[in-house]
Amino acid sequence: MKLIATFNTNSIRARQGLISKWLKSRDCHLLCIQETKVQDKDFPVSTFEELGYHTYFKGQKSYNGVAIISKEPLKEVSFGFDDGQDTEEDLARLIRAQWDGFYIINVYVPQGRALDHPNFTKKLLWYDRLLECLERAYKPTMPIFIMGDFNCAPEPIDVYAPERKKDHVCFNESVREAFKRLLGWGLVDCFRAFDPSPNKYTFYDYRVPKAVQRGLGWRIDHILATEVALGHVKECYIDLEPRLWERPSDHTFLCAKVKSGAY
DNA sequence: ATGGTTGGTATCCAA
């Protein structure tokens, strides 16, 4: 059994200590990271090499940035949708690779800012481009994990006070529909496949006092799996403990225990 | 309705 996980770091340099401690204590095989907020020349490669991990990354100054940290070397690593329209930002928001017989797609979906902001249009378009990318380059019968920060709480159970969040960029009808269209291609929400209970969140806003204790969170980080990939998953859970460690992120580690060898 | 915090970079923007 191998542990795979996704984590929005909100700066990988600020979170090196926390990530190292987590990788070691959990014996993680593959970690997908979002919001590294660092240019490639400044990525802390040696921190993870010293722990025996391979790192693959692309980032921008201050914003965005994705990475995969893996015990085994990855194959076929690429960035962006490869739809002929990739901007530098797109490359810093999507990394794809092959790992242990699985296709891994690590995404950092644009947050969107506000419903009437151009960034929200870009967010919906981003979901469309992701779906087109799947239709073009993959099949629902393949063993695929799409994991990362989707900036979408799919159902009312996935956010506190859903009745008050209908105009939020991470919960309004249009983004939830875009998310559902993605699932409609042939993907399952891994966490919900294992745990139907409420008050299970992956993100707690820094600005909300005692958010974890008060249950004021969002489930916006996800591991989506095709049916055949889900068949290899034995467990899927949110690891909240690092929130008690030094310099926690506002996101949590979302984990899956996977039986290896999908080919 | 508003504001609260954090990080990277500047002294404000994004989340």
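A, B, ... follow the sequence lines: proteins, then strands. Residue 1 opens every chain.
- Residue-to-nucleotide proximity on DNA chain B shows that, of T36(A) and Y63(A), the 5′-proximal contact is made by T36(A).
- Among the nucleotides dG7(B), dA15(B), dG8(B), the one closest to the side chain of N10(A) is dG7(B).
- Closest of all the heavy-atom pairs between F203(A) and H251(A) is CD1-NE2, 3.4 Å.
- With rounding to whole Å, R13(A) atom CZ is found 19 Å from dT6(B) atom P.
- The backbone N or O of D221(A) lies less than 3.5 Å from no partner atom in the side chain of N8(A), so there is not a single donor-acceptor pair.
- Straight-line distance between the P atoms of dT5(B) and dA1(B): roughly 22 Å, to the nearest whole Å.
- Between the C1' atoms of dA15(B) and dG3(B), the separation comes to 15 Å (whole Å).
- For the pair K37(A) NZ and dT9(B) P, the computed distance is 9 Å after rounding to whole Å.
- For the C1' atoms, the distance linking dT6(B) with dA10(B) amounts to 15 Å, nearest Å.
- R96(A) pairs with exactly one of I146(A), D82(A), I104(A) by the side chain to side chain contact (heavy atoms under 4.5 Å, CB included) rule, that one being D82(A).
- The listed nucleotides are dG8(B), dT5(B), dA14(B); the one nearest the side chain of Y206(A) is dT5(B).
- What separates NZ of K122(A) from C1' of dA15(B) is a distance of 13 Å, to the nearest Å.
- Of the candidates K165(A), R176(A), R192(A), D158(A) forms a side chain to side chain donor-acceptor pair (under 3.5 Å) with just one, namely R192(A).
- Close to dG7(B), at under 4.0 Å from its OP1 or OP2, lies a side-chain N or O of R247(A).
- When the nucleotides dT9(B), dA15(B), dG8(B) are ranked by their closest atom to the side chain of S11(A), dG8(B) comes out on top.
- Between Y127(A) and F179(A), the ring-plane angle classifies as perpendicular under the 30° and 60° cut-offs.
- Distance CZ (R93(A)) to C1' (dA14(B)): 10 Å, rounded to an integer number of Å.
- Here the P atom of nucleotide dG7(B) and the CG atom of L18(A) are 11 Å apart, to the nearest Å.
- Considering only side-chain N and O atoms, R113(A) lies under 4.0 angstrom from the phosphate OP1 or OP2 of dA14(B).
- Across all strands shown, Y108(A) has heavy atoms under 4.0 Å from sugar-phosphate atoms exclusively, and none from any base.
- Following rounding to the nearest Å, Q60(A) (CD) and dA15(B) (P) show an atom-to-atom distance of 11 Å.
- For the pair F150(A) and V175(A), the minimum side-chain heavy-atom distance is 4.5 Å or more.
- Applying the 4.0 Å criterion to OP1 and OP2 of dG8(B), one finds that R15(A) has every side-chain N and O outside that range.
- Per the geometry, CD belonging to E89(A) stands 11 Å off P belonging to dA14(B), to the nearest Å.
- Atom OH of Y204(A) is separated from atom C1' of dT6(B) by 18 Å (rounded to the nearest Å).
- A distance of about 12 Å separates the C1' atoms of dA14(B) and dT9(B), rounded to the whole Å.
- Of the two residues contacting DNA chain B, namely R164(A) and A14(A), the nearest-nucleotide position lying further toward the 5' end is that of R164(A).
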